[in-house]
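Computed from a predicted model, the values in this text were never measured in an experiment. The basis for the numbers below is simple: all heavy atoms, side chains too, and nothing from hydrogens, waters or symmetry mates.
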There are 2 protein chains.
Amino acid sequence: MTVDPNFLSALMILKLEGVFTLTGEERQALHDLPMRVVVLKTNQDIVHIGECPLQSFLVLEGFASSYKLTADGVRQIVALHIPGDAPDLQTLHLKRIDCSFASISPCKVGFFQLDDLRRICERHPRLSAAFWRETLVDASILREWVVNVGRRDAYTRVAHLLCEFLVRLKAVGLVENSAFDFPITQANLADATGISAVHMSRALKALREDGLIQTRRMHLAVPDWAKLVNAGDFDPFYLHLGVNAAAGFRPAPQPKAAAL
Amino acid sequence: MTVDPNFLSALMILKLEGVFTLTGEERQALHDLPMRVVVLKTNQDIVHIGECPLQSFLVLEGFASSYKLTADGVRQIVALHIPGDAPDLQTLHLKRIDCSFASISPCKVGFFQLDDLRRICERHPRLSAAFWRETLVDASILREWVVNVGRRDAYTRVAHLLCEFLVRLKAVGLVENSAFDFPITQANLADATGISAVHMSRALKALREDGLIQTRRMHLAVPDWAKLVNAGDFDPFYLHLGVNAAAGFRPAPQPKAAAL
DNA sequence: TCCAAGGCATAACGTATGTTATGTGGCAAG
DNA sequence: CTTGCCACATAACATACGTTATGCCTTGGA
């Protein structure tokens, strides 16, 4: 996959447009944000917990993770990031960063100055709101992850993660025929779901044998989407995708409005 | 505990002042936000997942939870809320709410109109940023919860949750002599840590026997804070408390700044 | 005063998952 | 072409935790 030279416009704008239509001015402001592109190999640290960075970054190609370590050095991935994501937008308002970020596949990221982004937010309140919204969606995903890790067995948990992956990748156009590049090791998947690497191997085997997924080296296919959704207890609503992006994934109904 | 009639000023302002000093105007704007106070018994639903509410709420007294259910009806609490918290601030930018909210003790909440808050955000960018920051801290707590549930054993997990509770309660002045009111059932604690109620009973017993906590009906005391922190693998940094609020809890050092 | 309900403790038992170990194949570096 | 590394598979074994069940105690309502 190659990326348009105007990275920000290509990816972030795509995401924001899913929610509301940008004005020409807003689009231009994003387009003009200076970015420094950096190419990374697998398993390279991008930002480390405790730092007080002056810049933030965007994933342009490949996959990245947010992670934390426990006292005895066990890793838990707390978020997976795909092209178009701004993993550490939080640094905009939280000085010290509370988790580490690393590439989990060969990947390309774009750094920009937080001060530049702050200026954009001041001048374009709608963009500011849109970025805020992005961080709120991240929080929603975290809530679902707590449920996933806390209350679902390994099989369901893995199916759920794969569902989330597919929907999010589809939203940025990285899925073809229910299949996508998947250069993520089982160890990383294990760290993201809170199980051991050995058990991740078992879970994937079971999913394969049940015909829910097909894995061919660094590539994953989903032959029966409905079955995987069912196995993973998956409802994409928590991703808060724009209507365009979610086409074909949303189930049906809207519950009634609040009372009280 | 009784609450000042100016709920918002008493609680939310206290929290915000931990981060930066409000101007008189900003303080007044918050003070003038119309609120409708509602008294709740234990286990009452406040907002239900899927709704598109026009109002949001603040916890004034007692404790509340955010929770989700899996397909087979198992509950996972994804956040615990104490007085001063605005549990569903997300509704400001996400139309449909992605988790349910309920009281988990007798409690008092204050509802306000989202439109009123939006108006405040438009007129007072610093307040807008402060609210954004609040939601980012919530996300940071969620990240730590994913680690807690995903990678720590029950004993450590419970100790960690109790540490978090103590620090957060202390920040709003609800702790005396390392002890606090704790009207939360073991079943709720179990749902918050992703373990069974039976095992929660076992874990609490172990903590009691190790002298890390003392429980006297609806009341919890921590005789040796350092030991509990150690047992819970707890570092309060992720709570992003203001320096004032965190006094006495922060460990020492600041890591070096970012490079790259 | 009594009863019902819920919160808690504890025991017996089952199991999903972790741990440790070994072998295979692919791939990159020399 | 080797060599070594790493991702993955699989087996044997260990265990933390879930489940089901029972009983006690407190609390609040009739």
Undergrad: Would you kindly give the CD1-to-P distance between B:I213 and C:dC8, to the nearest whole Å?
TA: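 The distance from CD1 of B:I213 to P of C:dC8 comes to 12 Å, rounded to the nearest Å.
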
Undergrad: Does C:dT17 have OP1 or OP2 under 4.0 Å away from a side-chain N or O of A:R152?
TA: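 It does not, given that no N or O in the side chain of A:R152 lies less than 4.0 Å from OP1 or OP2 of C:dT17.
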
Undergrad: List in numerical order all residues of residues 154-162 of chain B for which some heavy atom is under 4.0 Å away from an atom belonging to DNA chain D.
TA: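 DNA chain D contact set from residues 154-162 of chain B: B:A154.
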
Undergrad: Considering only residues two or more places apart or on different chains, which pairs with a residue in residues 221-230 of chain B satisfy salt bridge (Lys or Arg N to Asp or Glu O under 4.0 Å)?
TA: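 Non-adjacent pairs meeting salt bridge (Lys or Arg N to Asp or Glu O under 4.0 Å): zero.
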
Undergrad: With a non-hydrogen cut-off below 4.0 angstrom, is A:R151 in contact with a base, only sugar-phosphate, or nothing?
TA: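 No contact.
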
Undergrad: Would you please name every residue forming a side-chain contact (heavy atoms from CB on, under 4.5 Å) with A:A221, sequence neighbours left out?
TA: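 A:A221 satisfies side-chain contact (heavy atoms from CB on, under 4.5 Å) with A:A179, A:Q214 once adjacent residues are dropped.
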
Undergrad: Which of parallel (below 30°), tilted (30 to 60°) and perpendicular (above 60°) describes B:F165 and B:F63?
TA: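 B:F165 vs B:F63 ring planes: tilted.
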
Undergrad: Once you round it to whole Å, what is the distance between P of C:dA9 and CG of B:L204?
TA: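 B:L204 atom CG is separated from C:dA9 atom P by 7 Å.
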
Undergrad: Test of understanding: with side-chain contact (heavy atoms from CB on, under 4.5 Å), list the residues that count as partners of A:D98, not counting sequence neighbours.
TA: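 With sequence neighbours excluded, A:D98 shows a side-chain contact (heavy atoms from CB on, under 4.5 Å) to A:Q90, A:L94, B:S140, B:R143, B:F237, B:H240, given in chain and number order.
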
Undergrad: Can any side-chain N or O of A:R157 pair as donor or acceptor with the backbone N or O of A:R152 at less than 3.5 Å?
TA: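 Indeed, once roles are kept as given, a pair shorter than 3.5 Å links the two residues.
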
Undergrad: How would you list all residue pairs meeting salt bridge (Lys or Arg N to Asp or Glu O under 4.0 Å) that involve residues 183-199 of chain B, not counting sequence neighbours?
TA: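 Sorted result for residues 183-199 of chain B: A:R151-B:D191, B:R75-B:D191.
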
Undergrad: Mind listing the residues from residues 64-81 of chain B sitting with a heavy atom below 4.0 Å of DNA chain D? Number order is fine.
TA: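 Residues of residues 64-81 of chain B under 4.0 Å from DNA chain D: none.
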
Undergrad: Please list, pair by pair, any protein nitrogen or oxygen found under 3.5 Å from a nitrogen or oxygen in nucleotides 19-27 of chain C.
TA:
from, atom 1, to, atom 2, distance (Å)
C:dC27, OP1, A:R217, NH1, 3.2

Undergrad: At a cut-off of 3.5 Å, list every protein nitrogen or oxygen paired with a nitrogen or oxygen from nucleotides 3-7 of chain D, distance to 0.1 Å.
TA:
none

Undergrad: May I ask you to evaluate whether B:K205 reaches the phosphate of C:dT10, defined as a side-chain N or O under 4.0 Å from OP1 or OP2?
TA: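 So the side-chain polar atoms of B:K205 do come within 4.0 Å of the phosphate oxygens OP1 or OP2 of C:dT10, strictly under.
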
Undergrad: Taking the inter-plane angle between the rings of A:F234 and A:H160 on a 0 to 90° scale, is it parallel (under 30°), tilted (30 to 60°) or perpendicular (over 60°)?
TA: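 Aromatic pair A:F234/A:H160 classed perpendicular.
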
Undergrad: For A:D72, does the CG atom have more than 12 heavy-atom neighbours from other residues, nucleotides or ligands under 6.0 Å away?
TA: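 Yes, CG of A:D72 has more than 12 neighbouring heavy atoms, counting only those of other groups under 6.0 Å.
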
Undergrad: Just by modelled atom types, is the B:S56 backbone N or O under 3.5 Å from a matching donor or acceptor in the B:T91 side chain?
TA: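 Side chain of B:T91 to backbone of B:S56: no pair is present.
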
Undergrad: Looking at every non-hydrogen atom in both residues, tell me the closest pair between B:C107 and B:G62 and how far apart they are.
TA: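 So the two residues come closest at CB-CA, 3.7 Å.
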
Undergrad: If the helix axis at each end comes from five base pairs, how far does the helix from C:dT1-D:dA30 to C:dG30-D:dC1 deviate from straight, to 10°?
TA: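 If I round to tens, the end axes sit 50° apart.
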
Undergrad: Nearest whole angstrom, please: distance from the P of D:dA9 to the CZ of A:R208.
TA: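 These atoms are roughly 5 Å apart.
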
Undergrad: Taking side chain to side chain donor-acceptor pair (under 3.5 Å) as the test, write out the residues that go with B:S103, two or more places apart.
TA: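 Not a single residue meets the side chain to side chain donor-acceptor pair (under 3.5 Å) criterion with B:S103.
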
Undergrad: Is it true that a side-chain atom of A:D88 and a backbone atom of A:F57 form a donor plus acceptor pair closer than 3.5 Å?
TA: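 Such a contact is found between A:D88 side chain and A:F57 backbone.
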
Undergrad: Indicate the ring-plane relationship of A:H81 and A:F101, choosing parallel, tilted or perpendicular according to the 30° and 60° boundaries.
TA: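 Ring orientation of A:H81 relative to A:F101: tilted.
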
Undergrad: Please table the atom pairs, donor to acceptor, closer than 3.5 Å between any side-chain atom in residues 204-212 of chain B and protein atoms at least two apart or in another chain.
TA:
from, atom 1, to, atom 2, distance (Å)
B:R208, NE, B:T215, OG1, 3.1
B:D210, OD2, B:Y155, OH, 2.4

Undergrad: For a side chain to side chain contact (heavy atoms under 4.5 Å, CB included) check, start with the C-alpha distance between A:N43 and A:K41, then their side-chain angles and the critical distance, and finish with the verdict.
TA: CA-CA 6 Å; A:N43 288 331; A:K41 284 181 273 197; over 6 Å; no

Undergrad: Considering residues at least two apart in sequence or located in another chain, which fulfil the salt bridge (charged side-chain N to carboxylate O under 4.0 Å, His left out) criterion with A:R168?
TA: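 With neighbours one apart ignored, the set is A:D85, A:E164.
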
